[in-house]
Amino acid sequence: MPNDSLAQKILTLADDSFILGHRNSEWAGHAPILEEDIAFANLALDELGHAHLWYELYQELTGVEPDRVVFFRDANEWRNTQFVELPKGDWAFSMTRQYLFDLYENVLLEKLVNSTNERVRGIATKIRAEEIYHLRHTSNWVKRLGLGTDESHARMQNALNELWASALQLFVPLENETELIDANIFPDLKTLRDEWQDKTVSHLSASGLIVPRVLEPRAISRAQHTEHLAELLNDMSSVARLEKFGVEW
Amino acid sequence: MVKEANDVMTFDVSLIWDALDEVMDPEIPVVSMVEMGIVRDVKIENDAVIVSMTPTFAGCPALDVMRNAIVEKLHAIGIENVQVKTVLSPPWTSDWISEAARAKLKTFGLAPPPMHGGNIALYFDEPVACPYCNSTNTRVTNTFGPTLCRAIYFCRNCHQPFEQFKAL
């Protein structure tokens, strides 16, 4: 069984959720209204929870503990997309990113609940029920802001223009991904991208927003990152790195 | 390796369940983790008691507290070797919350989740009854609340904000 390619793939799922969760947590205390402060804290915690489930599976496949993976890797060892590591920007930017990601997870999980790998199937089924709340929340807000005031519309359109090419990186397969597709463990990202694109374009258009005519992802390799990831990791892991032998909280 | 049978073998599994039924949900102290459907299974193997539990929401920060509470409780009734396993499949659903627990949630000011049979989205727009006055003249103010498992509502009838345990 292609265990190594499976582990690499699982790591990408974990890292994407983890870094996005961290970015969302940066809204705590800063969101434009109290309700959204609470909502983004929830979204952040959910994503960290989902990342944790994938990191546990990664540990089963490789023996490497989640704490070690999260706190003691340097930026070039992370396998998240640049899409999730970009700074949180304004609230329209974070909302648009979360929406695009939620829809990606929505189409992906719909397939993963039928994976031939029992553990992948179990985790996907667990996460999927929670994700229903995310997509409902973010798609409502995309519409509200897209069709809202001139300013909210302009900010949403700017966010979309900036994010679209980066979002496409979510659909770039890993080197040995065909092994996983052949074994029906993971779906083909090409098909997934079409489905995602149909759904996003239809909702974004109904929200008065124009999807940029870009077909190429801004980045290809998940080993290459913007300078923002190192900053984030530095911020996130500084305490853990001070006390390498474990802190009792 | 075969281990000698010892005292733990004399424990009736139903007594262990009774003890666990006294371990309260740390975030909703009126209901037990058994009533919430969080404790899934209790097994006696050799000299150990193995408790399987499942998280409600994956990111629930109370998981460790729950795990420790289970261990402490079983230690207190004289079981030394306690192992708590986390299981994911089948995933926890709010449909597992017992009838008795639903009534207790209301006394705590939490509207119980609808029985959804696996289709949460169908119930999104269903009216939610206020746990204080039972009026369904209520509105959701936030689908995300102070914990992952709660949404925030307002009752237009008795002018009381309240929370709902979310359907999952």
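When reading the values below, keep in mind they use all heavy atoms of this one structure, side chains included, and skip hydrogens, waters and symmetry mates.
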A.B. asks: Do you know which two heavy atoms are closest between A:Phe83 and A:Arg97, and how far apart they sit?
C.D. replies: O-NH1, 3.0 Å

A.B. asks: Please flag which part of A:Ile123 lies under 4.5 Å from any non-hydrogen atom of chain B: side chain, backbone, both or neither.
C.D. replies: both

A.B. asks: Can you say whether B:Ser94 sits under 4.5 Å from chain A via the side chain, the backbone, both, or neither, judging by heavy atoms?
C.D. replies: neither

A.B. asks: Counting only non-hydrogen atoms closer than 4.5 Å, does B:Pro55 touch chain A with its backbone (N, CA, C, O), its side chain (CB onward), both, or neither?
C.D. replies: both

A.B. asks: Can you say whether B:Leu148 sits under 4.5 Å from chain A via the side chain, the backbone, both, or neither, judging by heavy atoms?
C.D. replies: both

A.B. asks: Check whether B:Ala167 gets within reach of chain A through its side chain, its backbone, both or neither, counting any heavy atom under 4.5 Å.
C.D. replies: both

A.B. asks: Determine the minimum heavy-atom distance between A:Leu100 and A:Ala167, stating which atoms define it.
C.D. replies: CD1-CB, 4.2 Å

A.B. asks: Against chain A, work out which of B:Ala58, B:Pro91, B:Ser89 has the most heavy-atom pairs shorter than 4.5 Å and name it.
C.D. replies: B:Ala58

A.B. asks: Might you confirm whether atom CD of B:Glu80 has over 12 heavy atoms from other residues, nucleotides or ligands at distances under 6.0 Å?
C.D. replies: no

A.B. asks: For A:Ser152 and A:Arg144, which I'm curious about, is there any donor-acceptor pair between the side chains at under 3.5 Å?
C.D. replies: no

A.B. asks: Given that the side chain runs from C-beta out, which part of A:Arg119 has a heavy atom under 4.5 Å from chain B: side chain, backbone, both or neither?
C.D. replies: side chain

A.B. asks: Here's a test for you: under side chain to side chain contact (heavy atoms under 4.5 Å, CB included), which of A:Asn24, A:Leu232, A:Ile19 qualifies with A:Val84?
C.D. replies: A:Ile19

A.B. asks: Less than 4.5 Å to any heavy atom of chain B: does that hold for the side chain of A:Leu45, its backbone, both, or neither?
C.D. replies: both

A.B. asks: Here's a test for you: under salt bridge (charged side-chain N to carboxylate O under 4.0 Å, His left out), which of A:Arg73, A:Lys9, A:Arg79 qualifies with A:Asp15?
C.D. replies: A:Arg73

A.B. asks: With a 4.5 Å cut-off on heavy-atom pairs, point out which of A:Glu130, A:Glu36, A:His137 contacts chain B the most.
C.D. replies: A:Glu130

A.B. asks: Given that the side chain runs from C-beta out, which part of B:Thr147 has a heavy atom under 4.5 Å from chain A: side chain, backbone, both or neither?
C.D. replies: backbone

A.B. asks: Return yes if a side-chain donor-acceptor contact under 3.5 Å exists between A:His134 and A:Glu131, otherwise no.
C.D. replies: yes

